Amino acid sequence: MPELPEVETIRLGLSKKIIGLKIKGVEVIQPKSFLGDSKRLQGRKVLKVWRRAKILGVELTPSLRAKRSNPNSEIASLPSAPRNDVVLLFHLKMTGQLIYDNGKRFIGGHPTPDMLKALPNSHTRVIFTFSNGSKLYFNDQRRFGWVKVMQSEELRVQNLFGRLGPEPLEKGFTWQILKNNLLRHKNMPVKVAILDQAVVSGIGNIYASEACFDAGIDPRTKVGQMIDEQFKALHSGIVKSLKAGIKYGGATRAHFVDAEGRKGYFLDYAYVYGKDKKPCKVCGSEIKKIQLGGRGTFFCPACQG
DNA sequence: TGCCCCCTGCAG
DNA sequence: CTGCAGGGGGCA
């Protein structure tokens, strides 16, 4: 599902629900979806839910007892042995879902067909149970996504985030940085280039088309041919589209639901994605769909010249 | 820098 | 049946 706004939508929802809860058990239904040792999560409390690019992190309390597997090791004998901290990571890839269920999912809302779907279902890969009896379901039809248990030290060593470009909604993301990073791909169509997570992190196929539309740039434009005005417009288009995505609760094409199982409505707002053959909301011309870098790309030939 | 692949399921 | 789907790693 999930591009930055969808993952952020889940993060916002999950933060409200699971912070302070203690993990009682983890049921791994699909071992391929789970990396690391699920037993290490037992008894830990949720401290924080964060996001980097399209990765969601759940920070957990350190274990009180130090590792005892090797009591004679140098580390174990140190007075301040590294705390056995653990972080739970999620990547939802194309069809992942993270749905929290405390038995009250439908209260106060209008249940959608998705919400009414019983959990667990045939796409449920992992189930987390908290000590208050509530559950968190990781569903993933295509099984591209993963759940991973890591220590922050492993995280550092593996440099999982080392190749990621700037967070587009944070202060350090300027049009000049966008330009510099994009210029590593002078020959690439700009829409394909902004999908490179090293250029800017969090953009996916929906928001790439939308950002180009907002900037008035033809998605086929080679990065090397762009002028500063266009880099500025694209920067603004990226920020604007992503913020709109969060505002509308994410984009639901087929699978995306938030932490409570609700769809997102960004695609009602969207100008071009999925609007193939429909009139442009701005000028009335017909929206076109083409393939770029192997992926569907939508644009208005009149507005994006 | 462009393919193929990981998978499942739905629309045409 | 074929093609396509919010991602991205690995390979020539």
Side-chain angles (χ1 to χ4, degrees), chain A residues 1-11 29-35 51-56 89-98 113-114 117 121-125 138-148 158-165 168 181-212 220 222-224 238 241-242 244-246 248-258 262-270 272-277 289-298:
Chain A
M1 7 185 85
E3 305 181 33
L4 184 153
E6 287 71 41
V7 181
E8 182 64 14
T9 298
I10 292 173
R11 188 192 71 76
I29 297 163
Q30 173 54 253
K32 271 197 59 182
S33 302
F34 200 102
L35 310 169
R51 179 191 59 74
R52 173 76 174 99
K54 301 171 189 172
I55 295 172
L56 196 71
L89 302 176
F90 295 90
H91 200 309
L92 304 172
K93 294 288 177 84
M94 298 284 261
T95 58
Q97 303 177 322
L98 261 183
D114 274 337
K117 202 179 282 175
N121 57 42
S122 60
H123 298 144
T124 300
R125 310 302 181 196
F138 175 69
N139 293 346
D140 185 18
Q141 180 198 100
R142 293 173 74 179
R143 294 196 262 157
F144 290 168
W146 43 256
V147 183
K148 200 170 194 172
Q158 291 192 19
N159 200 20
L160 198 57
F161 303 142
R163 313 213 59 155
L164 291 175
N181 292 355
L182 276 173
L183 285 175
R184 299 199 287 255
H185 302 300
K186 288 190 172 64
N187 260 331
M188 225 182 245
V190 61
K191 186 262 182 176
V192 177
I194 55 174
L195 286 172
D196 179 354
Q197 302 298 295
V199 168
V200 48
S201 63
I203 298 174
N205 207 36
I206 292 178
Y207 297 92
S209 280
E210 292 298 317
C212 288
R220 297 166 292 190
K222 296 272 199 280
V223 168
I238 287 170
S241 303
L242 294 175
I246 295 170
Y248 285 85
T252 298
R253 200 190 78 79
H255 300 93
F256 172 72
V257 290
D258 69 11
R262 293 178 301 211
K263 295 180 176 186
Y265 293 92
F266 176 76
L267 291 182
D268 295 339
Y269 160 98
V272 290
Y273 184 87
K275 311 293 183 190
D276 187 16
K277 294 178 185 163
K289 182 182 185 186
I290 57 172
Q291 292 289 122
L292 272 187
R295 313 200 58 190
T297 301
F298 301 83

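Each chain gets a letter, A, B and so on, in the order its sequence line appears, and its residues count up from 1. Here the structure is a predicted model, which means the values were calculated and not measured. Just so you know, these numbers use all the heavy atoms, side chains as well, and skip hydrogens, waters and symmetry mates.
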Student: Could you tell me how far apart A:Trp146 (CH2) and B:dC7 (C1') are, to the nearest whole angstrom?
Tutor: 17 Å
Student: Quick check: on DNA chain B, is the nucleotide nearest A:His185 upstream (toward 5') of the one nearest A:Lys32, or the reverse? Name the residue that is more 5'.
Tutor: A:His185
Student: Between the main-chain N or O of A:Ile238 and the side-chain N or O of A:Ser241, is there a donor-acceptor pair closer than 3.5 Å?
Tutor: no
Student: Is A:Lys54 reaching over with its side chain to a backbone N or O of A:Ile203, donor-acceptor style, under 3.5 angstrom?
Tutor: yes
Student: Side chains of A:Asp140 and A:His123: donor-acceptor distance under 3.5 Å anywhere?
Tutor: no
Student: For A:Ile206, is there any backbone N or O sitting under 3.5 Å from a side-chain donor or acceptor partner on A:Glu3?
Tutor: yes
Student: Determine which bases of DNA chain C form Watson-Crick or G-U wobble pairs with both distances under 3.5 Å, and write the result as a 5' to 3' dot-bracket string with | for other-strand partners.
Tutor: |||||.||||||
Student: If you restrict it to nitrogen or oxygen atoms, what contacts under 3.5 Å exist between nucleotides 9-12 of chain B and the protein, and what is each distance?
Tutor:
from	atom 1	to	atom 2	distance (Å)
B:dG9	OP1	A:His123	NE2	3.4
B:dG9	O4'	A:Gln141	OE1	3.3

Student: Between the protein and nucleotides 8-12 of chain C, list every N/O to N/O distance that falls short of 3.5 Å.
Tutor:
from	atom 1	to	atom 2	distance (Å)
C:dG8	OP1	A:His91	NE2	3.0
C:dG8	OP2	A:Lys54	NZ	2.9

Student: Can you tell me, in whole Å, how much space there is between the C1' of B:dC6 and that of C:dC1?
Tutor: 22 Å
Student: In whole Å, I'd like the distance from the CD atom of A:Gln97 to the P atom of C:dG7.
Tutor: 15 Å
Student: Using whole Å, what does the distance between atom C1' of nucleotide C:dG6 and atom CG of A:Asn139 come to?
Tutor: 16 Å
Student: Classify the side-chain pair A:Gln97/A:His255 by whether it contains a donor and acceptor separated by less than 3.5 Å.
Tutor: no
Student: How would you label the contact of A:Arg125 with the nucleic acid (heavy atoms, under 4.0 Å): base, sugar-phosphate, or nothing?
Tutor: nothing
Student: I need the CE-C1' distance between A:Met94 and C:dG7, as an integer number of Å.
Tutor: 6 Å
Student: Does A:Phe144 have any ring pair (Phe, Tyr, Trp, His ring centres under 6.0 Å) partners at least two apart in sequence or in another chain, and if so, which?
Tutor: none
Student: In whole angstroms, how far is the P atom of C:dA5 from the CG atom of A:Leu292?
Tutor: 12 Å
Student: Should the heavy atoms of other residues, nucleotides or ligands under 6.0 Å from CZ of A:Arg163 be counted, would the total exceed 12?
Tutor: no
Student: From the options C:dC4, B:dC6, B:dT1, select the nucleotide whose nearest atom is closest to the side chain of A:Lys289.
Tutor: C:dC4
Student: So, A:Phe144 and B:dC6: ring centres less than 5.5 Å apart, planes less than 30° off, yes or no?
Tutor: yes
Student: Tell me, please, which residues at least two apart from A:Asp258 pass side-chain hydrogen bond (donor to acceptor under 3.5 Å, both in side chains).
Tutor: A:Arg262
Student: Would you mind reading off the distance between A:Glu6 atom CD and C:dG7 atom C1', rounded to a whole angstrom?
Tutor: 12 Å
Student: Can you check C:dG6 for me, syn or anti if syn means within 90° of 0?
Tutor: syn
Student: Round to a whole Å and report the spacing from CG of A:Asp196 to P of B:dT1.
Tutor: 9 Å
Student: Taking atom C1' of C:dC4 as reference, at what distance in whole Å does atom CZ of A:Phe298 sit?
Tutor: 10 Å
Student: If you measure only the distance, is there a donor-acceptor pair under 3.5 Å linking the side chains of A:Glu6 and A:Tyr207?
Tutor: yes
Student: For A:Tyr273, which contact category applies under a 4.0 Å heavy-atom criterion: base, sugar-phosphate, or nothing?
Tutor: sugar-phosphate
Student: Quick one: label A:Gly145 by what it contacts on the DNA or RNA (base, sugar-phosphate, nothing), any heavy atom closer than 4.0 Å.
Tutor: nothing
Student: Could you tell me whether the side chain of A:Ser201 and the main chain of A:Gln197 form a donor-acceptor pair under 3.5 Å?
Tutor: no
Student: Could you measure between the two P atoms, the one in C:dG6 and the one in B:dT1, and give it in whole Å?
Tutor: 22 Å
Student: Run A:Phe266 and A:Tyr273 through ring-ring contact (aromatic ring centres under 6.0 Å, His included) and show every step you take.
Tutor: CA-CA 10 Å; A:Phe266 176 76; A:Tyr273 184 87; 8.9 Å; no
Student: According to ring pair (Phe, Tyr, Trp, His ring centres under 6.0 Å), who are the partners of A:His91, at least two apart in sequence or on a separate chain?
Tutor: A:Trp146
